[in-house]
Structure formats: structure tokens, C-alpha cells
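Structure first, then comments.
Since this is a predicted model, take the numbers as computed values, not measurements. Position 1 is the first residue of the sequence, and the numbers go up from there. No hydrogens, no waters, no symmetry mates; every other heavy atom, side chains included, goes into these values.
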Amino acid sequence: MTAPSMRTRCTSMTEQRTANLKSLIAELATREMQIDDICEHLKMSPSGGRKYIADLRAAGVMVLARHVDATATYAGKACYGLASDPLLVSEFLRRIEQHKYQPRIPAPPVRALPTLPGRSFHIMADDTHFAVRINRYPAMRDPLVAALFGPAAEVRA
């Protein structure tokens with residue numbers, strides 16, 4: 001009995017993703033597809049299909065061809081097609097074959113917040129997408145609380 005082989009990821013794009021992109025581009029060359037068709041072709045969920053659509057549209061390889069089943073109040077389902085520029089498509093295929101294509105934009109680095117005397121911030125890595133605004137006004141008691149209990153006692157550092 002042999003030990004199960006460990007799956008290693010040595011490239012920026014896995015071989016399965018590259019194969020899926022090539023397969024999707026080949027299918028788009030023959031016909032226009034809706035997101036349901038794309039998900040069925042790739043055998044994945046709609047959220048996974050939307051990621052492929054977003055990557056191909058960002059690269060300019062896939063275009064929105066038309067909307068189908070539109071009504072007066074509903075734009076209809078999007079129908080996607082391959083870009084009309086064959087040079088752009090072949091360049092994209094060449095780049096993903098070399099595993100150098102990075103479809104998603106990397107997250108911006110966390111910027112250092114200026115430190116003020118008496119204030120400190122600890123921002124966890126998973127909270128970096130929230131905007132942190134530093135209030136430069138001195139800390140003070142709420143006016144309604146001050147009316148009931150008096151002004152705050154001064155804190156000396």
C-alpha cells in the first residue's frame with residue numbers, strides 16, 4: 001500500500017484552475033453562455049462561476065454579449081461571450097500557461113496609524129478592511145451624562 005501523495009502548490013495558479021479557464025474559453029469560442037451554463041460546464045457553484053467570470057472579464061477575454069429574458073422592470077440574465085480580439089485571447093492563454101497571470105488584485109498593505117499621546121490602536125489582521133479614523137478631539141464626557149453627573153474628573157498621565 002502506498003502513502004497518499006501530498007498535494008503541493010508550487011505555482012500562483014493551480015493546474016485545475018488553468019484547465020478550467022482553458023475549457024471555459026474553448027466553450028465560449030463556440031457559443032454564448034449564461035452563468036448557469038458556465039457553472040454546469042465547470043461543475044461548480046454559482047459563486048465559483050462568478051469568480052471565473054470576474055477574472056475573465058477583468059482580463060478582457062470575456063465580454064457581456066447581451067441580456068436574455070428581459071422585461072420592462074428586469075434587465076434579464078446576462079449572456080457572456082468571448083472577446084472579438086483573438087490576439088488578446090491568445091495572449092491570455094499564453095500567460096496562464098506560464099502560470100504568471102495574477103487575476104486578482106492583492107490586498108493593500110496595512111498602513112501604520114499615527115500615534116498620539118494617550119492613544120493606541122491594536123488592529124487584528126482580519127479587521128483591516130474596516131476604516132479606522134482617529135478622532136483628534138480630546139476625550140470628553142457626553143453632554144447628557146455631564147448634565148446629570150457633572151464634568152469628568154481630569155486624568156493625569
Under 3.5 Å, is there a donor-acceptor pair between the side chain of Arg141 and the main chain of Ala147?
no
Kindly compute the distance separating OG (Ser45) from NZ (Lys51), expressed to the nearest 0.5 Å.
7.5 Å
Value for OG (Ser90) from CG (Asp85), rounded to nearest 0.5 Å, stands at 8.0 Å
Tell me whether Leu64 shares a hydrophobic cluster with Leu24, the cluster being built from Ile, Leu, Val, Met, Phe, Trp, Tyr side chains joined at under 4.5 Å.
yes
Membership question, hydrophobic clusters at under 4.5 Å side-chain separation (ILVMFWY): are Val63 and Met33 in the same one?
no
Do you know which two heavy atoms are closest between [X] and [Y], and how far apart they sit?
| X | Y | result |
| --- | --- | --- |
| Ala83 | Gly60 | CB-O, 3.3 Å |
| Glu32 | Gly81 | CG-CA, 4.4 Å |
| Cys39 | Pro46 | SG-CA, 3.4 Å |
| Leu21 | Ile96 | CB-CD1, 4.0 Å |

For the residue pair [X] and [Y], establish whether any side-chain heavy-atom pair is separated by less than 4.5 Å.
| X | Y | result |
| --- | --- | --- |
| Met62 | Ile25 | no |
| Lys22 | Leu93 | yes |
| Leu56 | Phe92 | yes |

Distance under 6.0 Å and angle within 45° of the ring axis: does Arg17 meet both against Tyr52?
yes
Which other residues end up in the same hydrophobic cluster as Leu148, if Ile, Leu, Val, Met, Phe, Trp and Tyr are linked when side-chain heavy atoms come under 4.5 Å apart?
Val145, Phe149
Side chain to side chain contact (heavy atoms under 4.5 Å, CB included) between Asp37 and Gln34, intermediate numbers included:
CA-CA 5 Å; Asp37 302 329; Gln34 294 179 8; 3.9 Å; yes
May I have the step-by-step check of side chain to side chain contact (heavy atoms under 4.5 Å, CB included) for Arg50 and Ile35, ending in yes or no?
CA-CA 7 Å; Arg50 282 192 294 270; Ile35 188 166; 3.3 Å; yes
For side chain to side chain contact (heavy atoms under 4.5 Å, CB included), just list the numbers for Asn20 and Gln16, CA-CA rounded to whole Å, side-chain angles, deciding distance to a tenth of an Å, and then say yes or no.
CA-CA 6 Å; Asn20 283 346; Gln16 180 64 45; 3.0 Å; yes
